[in-house]
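One-based numbering, in listed order, for ligands and for the atoms of each. Values reported hereafter were calculated over all heavy atoms of this structure, with side chains retained and with hydrogens, waters and symmetry mates removed.
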Amino acid sequence: MIGVVLGSGLGAFADALEDRAETPYAQIPGWPASTAIGHAGKLVTGRIEGTPVVVLAGRAHLYEGYTAGQVVFGIRELARRGVRSVILTNAAGAVNLSYRPGDLVLISDHINLLGANPLCGPNDDSLGPRFPDMSEAYAADLRALAKAAAREQGIELKEGVYAAMPGPSYETPAEIRFLRIIGADLVGMSTVPETIAANHLGMKVLAISCVTNMAAGILPRKLDHREVLETGERIRDTLALLLKSIVPRFGRL
Ligand code: HPA
């Protein structure tokens, strides 16, 4: 079973599934119902060319006030449903000066600057080890398959390192220069807690960033959330096409 997590505004992929069935998060037993996570989205099951998928359309972020543990509830729900490989998507700012808004970038590795980790606290040994390895957090074989799928579809797919910042304020120009110096190509406010929880569970992770804007201080103008949403809308169909091509390949793994 393949899992897919769609960032906000990137939901187009979920609409195109065969044998589609939707469950609002609020109706899933154990979903942290005392919080607004229940209103944040829905779980959609279906198939792509016969390959079963479970999609989380909408995610929780640390900046909304959730703990890292709450943010990864959905990933653990995917594991309970038999997901062994998960594709995470997000919107991100470009730190790498060669990127452009509208680019799709495969995440090769991450830098966790959230100041939080979903595995802090007592370890549930039934889920995974106390000290999980993160030396190949984004599986090399899945990345190779994703690149092959992109090539076949004629979609350009770059590759880079994602730095997670807590938000919700965008970064300062000095923070972006710092991120570039420490080796980041992308900056965003999600994905890293999910990648950590998925690795803990022994799941393979593929992650794709949609570059919605050049990061702070690169262009001589302010960052605007509307620009982020508009670029996200412009890329989401290309992202959906790429996901549709990737999923059956993962199904054959
Ligand atoms: N910074 C952080 N998160 C983001 C950005 C950004 O520039 N763009 C989209 N998500």
Side-chain angles (χ1 to χ4, degrees), residues 4-13 40-41 56-66 68 71-72 74 87-118 137-138 156-196 205-240 242-243:
V4 179
V5 179
L6 299 175
S8 45
L10 302 174
F13 169 77
L56 299 180
R59 59 151 63 87
H61 302 85
L62 289 175
Y63 62 73
E64 294 171 84
Y66 304 118
V71 162
V72 301
I87 306 173
L88 307 175
T89 66
N90 62 46
V95 174
N96 185 319
L97 298 172
S98 76
Y99 292 174
R100 291 290 171 264
D103 282 350
L104 293 175
V105 185
L106 210 49
I107 298 179
S108 56
D109 203 348
H110 75 222
I111 302 173
N112 182 9
L113 299 171
L114 295 171
N117 186 306
Y138 301 87
E156 192 193 357
L157 191 56
K158 299 183 173 172
E159 195 161 7
V161 173
Y162 177 95
M165 294 284 275
S169 50
Y170 286 118
E171 300 71 32
T172 63
E175 286 167 341
I176 295 303
R177 290 194 297 274
F178 162 75
L179 293 181
R180 195 173 299 122
I181 288 166
I182 65 171
D185 298 295
L186 300 154
V187 60
M189 304 173 191
S190 68
T191 304
V192 162
E194 288 131 308
T195 297
I196 293 170
V205 177
L206 182 85
I208 302 170
S209 283
C210 298
V211 175
T212 52
N213 58 286
M214 298 310 289
I218 296 177
L219 300 176
R221 54 187 163 90
K222 297 187 175 192
L223 294 197
D224 181 350
H225 183 58
R226 264 175 315 182
E227 178 192 346
V228 170
L229 292 180
E230 278 165 20
T231 315
E233 264 170 45
R234 186 153 64 76
I235 339 180
R236 69 178 176 201
D237 291 337
T238 310
L239 176 70
L242 180 60
L243 292 174

Study note, to complete from the structure: Rounding to 0.5 Å, atoms CG (Leu113) and OH (Tyr162) come to a distance of 11.0 Å
Review point. Can you find a heavy atom in the side chain of Leu88 that is under 4.5 Å from one in the side chain of Ile107?
Key: no
**Study point:** Spacing of CG belonging to Leu179 relative to CG belonging to Leu186, to within rounding of 0.5 Å
**Key:** 10.5 Å
Once you restrict both partners to nitrogen or oxygen, which atoms of ligand 1 have a protein partner under 3.5 Å, and how far apart are they?
residue	atom	partner	partner atom	Å
ligand 1	1 (N)	Glu171	OE1	2.8
ligand 1	1 (N)	Glu171	OE2	3.4
ligand 1	7 (O)	Asn213	ND2	2.9
ligand 1	8 (N)	Gly93	N	3.3
ligand 1	8 (N)	Asn213	OD1	2.7
ligand 1	10 (N)	Ala91	O	3.4

Check your understanding: Is there a side chain to side chain contact (heavy atoms under 4.5 Å, CB included) between Thr195 and Tyr138 once you walk through the steps?
Key -> CA-CA 8 Å; Thr195 297; Tyr138 301 87; 3.1 Å; yes
Review point. Taking NZ, NE, NH1 and NH2 as the nitrogens, is one of them in Glu227 or Arg221 under 4.0 Å from a carboxylate oxygen of the other?
Key: yes
Point to revise | Spacing of CG belonging to Asn96 relative to CD belonging to Glu159, to within rounding of 0.5 Å | key: 12.0 Å
